[in-house]
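Computation of the quantities below employed the complete heavy-atom set of this structure, encompassing side-chain atoms and omitting hydrogens, waters and symmetry-equivalent molecules. Residue numbers begin at 1 in each chain, while the letters A, B, ... track the order of the sequences.
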Number of protein chains: 2
Amino acid sequence: MSNYRIDSALLCEAFKALSNPNRLALFNRLMNCCAPGTKCSPAAAVRYCVSELGEGLDIAPSTLSHHLKELNRAGLVEMKRKGKNVECWVEPAKLERLNAFFQSSQSDIL
Amino acid sequence: MSNYRIDSALLCEAFKALSNPNRLALFNRLMNCCAPGTKCSPAAAVRYCVSELGEGLDIAPSTLSHHLKELNRAGLVEMKRKGKNVECWVEPAKLERLNAFFQSSQSDIL
DNA sequence: CCTATAATTCTAAACATGTCGAATTATAGA
DNA sequence: TCTATAATTCGACATGTTTAGAATTATAGG
């Protein structure tokens, strides 16, 4: 309970990041990067570069960049430059933390 | 996949509703209404009325009412008038649907 | 019917967000 | 070094959100 404020603020930021349709679509694309039945692992996960992630979303590159920055700032998406591209991926641990919030109604995550 | 748009829109609305610190606090208070180790059930769940939920949040009654309306609109919180009060509670099924999003990275919820 | 309490609606103001286009930076390769 | 591609930053604008206060509705009880 000592970290009430911190955790609730972090959770809130995560939800805010996912509250936009375009960002939710981006995040979902990254979540679904693994083969069925397996969990994403940083080493094995398929990674998308920024422009690949934006395909079919019909938003300007600057908007795409902005949204990925928000997802990254919220701690939901990792990013790293690799040559001309910037690779994006989701750390499995992040999913588990969000999962925990809804899973246990008596959790003291907040 | 046929309900791609519908489901993603609903999810997005849920996240938007939880993206505000006050609403997240309200929702959390309702989630934590059950005894440890048990899941909320509509019949057994402790219900809070609007003013009880707002205690300690330091927001005006009109603001409180607005936020609960948003949570209700997003499908996260149920409300029903009982005398002078309006009772609020969380349906367990809603928690499970949100849970499912983060749980299975290969889900086709979107 | 009158009053007190609980909650909502309405209005308005301050603030935040989503979006694009133009300019800029980063990198690889000729 | 020059060019092409990928991505980001900046500036601006339209739209949406948060919030409080005043007015209004709903209900219970005398």
Mind checking salt bridge (Lys or Arg N to Asp or Glu O under 4.0 Å) for B/Arg81 and listing every partner two or more places apart, or none if nothing turns up?
-> none
With a 3.5 Å cut-off and sequence neighbours excluded, list the donor-acceptor pairs that the side chains of residues 59-70 of chain B form with protein atoms.
{"residue": "B/His67", "atom": "ND1", "partner": "B/Arg23", "partner atom": "NH1", "Å": "3.0"}
{"residue": "B/Glu70", "atom": "OE2", "partner": "B/Arg73", "partner atom": "NH2", "Å": "2.6"}

Could you run down the sub-3.5 Å N/O contacts of the protein with nucleotides 7-13 of chain C?
{"residue": "C/dA7", "atom": "OP1", "partner": "B/Val50", "partner atom": "N", "Å": "3.2"}
{"residue": "C/dA7", "atom": "OP1", "partner": "B/Val86", "partner atom": "N", "Å": "3.2"}
{"residue": "C/dA7", "atom": "OP2", "partner": "B/Ser51", "partner atom": "N", "Å": "2.9"}
{"residue": "C/dA7", "atom": "OP2", "partner": "B/Ser51", "partner atom": "OG", "Å": "2.7"}
{"residue": "C/dT8", "atom": "OP2", "partner": "B/Ser65", "partner atom": "OG", "Å": "2.6"}
{"residue": "C/dT8", "atom": "O5'", "partner": "B/Ser65", "partner atom": "OG", "Å": "3.0"}
{"residue": "C/dT9", "atom": "OP2", "partner": "B/Lys69", "partner atom": "NZ", "Å": "3.3"}

In whole angstrom, what separates [X]'s [atom1] from [N]'s [atom2]?
X       : N      : atom1 : atom2 : value
A/His67 : D/dT9  : NE2   : P     : 15 Å
B/Leu71 : D/dT18 : CG    : C1'   : 14 Å
B/Arg23 : D/dT17 : CZ    : P     : 9 Å
B/Lys80 : D/dT27 : NZ    : P     : 13 Å
B/Asp58 : D/dT19 : CG    : C1'   : 12 Å
B/Ile59 : D/dG21 : CD1   : C1'   : 14 Å

First locate atom CG of A/Leu30, then atom CG of A/Leu53, and finally report the distance between them rounded to the nearest 0.5 Å.
-> 4.5 Å
To the nearest 0.5 Å, atom CZ of B/Phe27 lies from atom CG of B/Leu76 at 5.0 Å
Contact class for A/Lys16 (heavy atom, under 4.0 Å): base, sugar-phosphate, or nothing?
-> sugar-phosphate
What donor-acceptor contacts under 3.5 angstrom involve side-chain atoms of residues 10-19 of chain A, with partners at least two apart or in another chain?
{"residue": "A/Ser19", "atom": "OG", "partner": "A/Lys16", "partner atom": "O", "Å": "2.7"}

Under-4.0 Å side-chain N/O to phosphate OP1/OP2 contact, B/Asn20 with D/dT19 | yes
Do B/Glu87 and B/Trp89 have side-chain atoms, one donor and one acceptor, less than 3.5 Å apart?
-> no
In which stems does DNA chain D show up, taking only runs of three or more Watson-Crick or G-U wobble pairs whose two distances fall under 3.5 Å?
-> C:1-30 with D:1-30
What orientation do B/Phe102 and A/Phe102 show, parallel under 30°, tilted 30 to 60°, or perpendicular over 60°?
-> parallel
Which of B/Leu57, B/Val77, B/Val50, B/Asn20 passes side-chain contact (heavy atoms from CB on, under 4.5 Å) with B/Leu26? It is B/Leu57
Inter- and intrachain pairs under salt bridge (charged side-chain N to carboxylate O under 4.0 Å, His left out), touching residues 54-64 of chain B, at least two apart | none
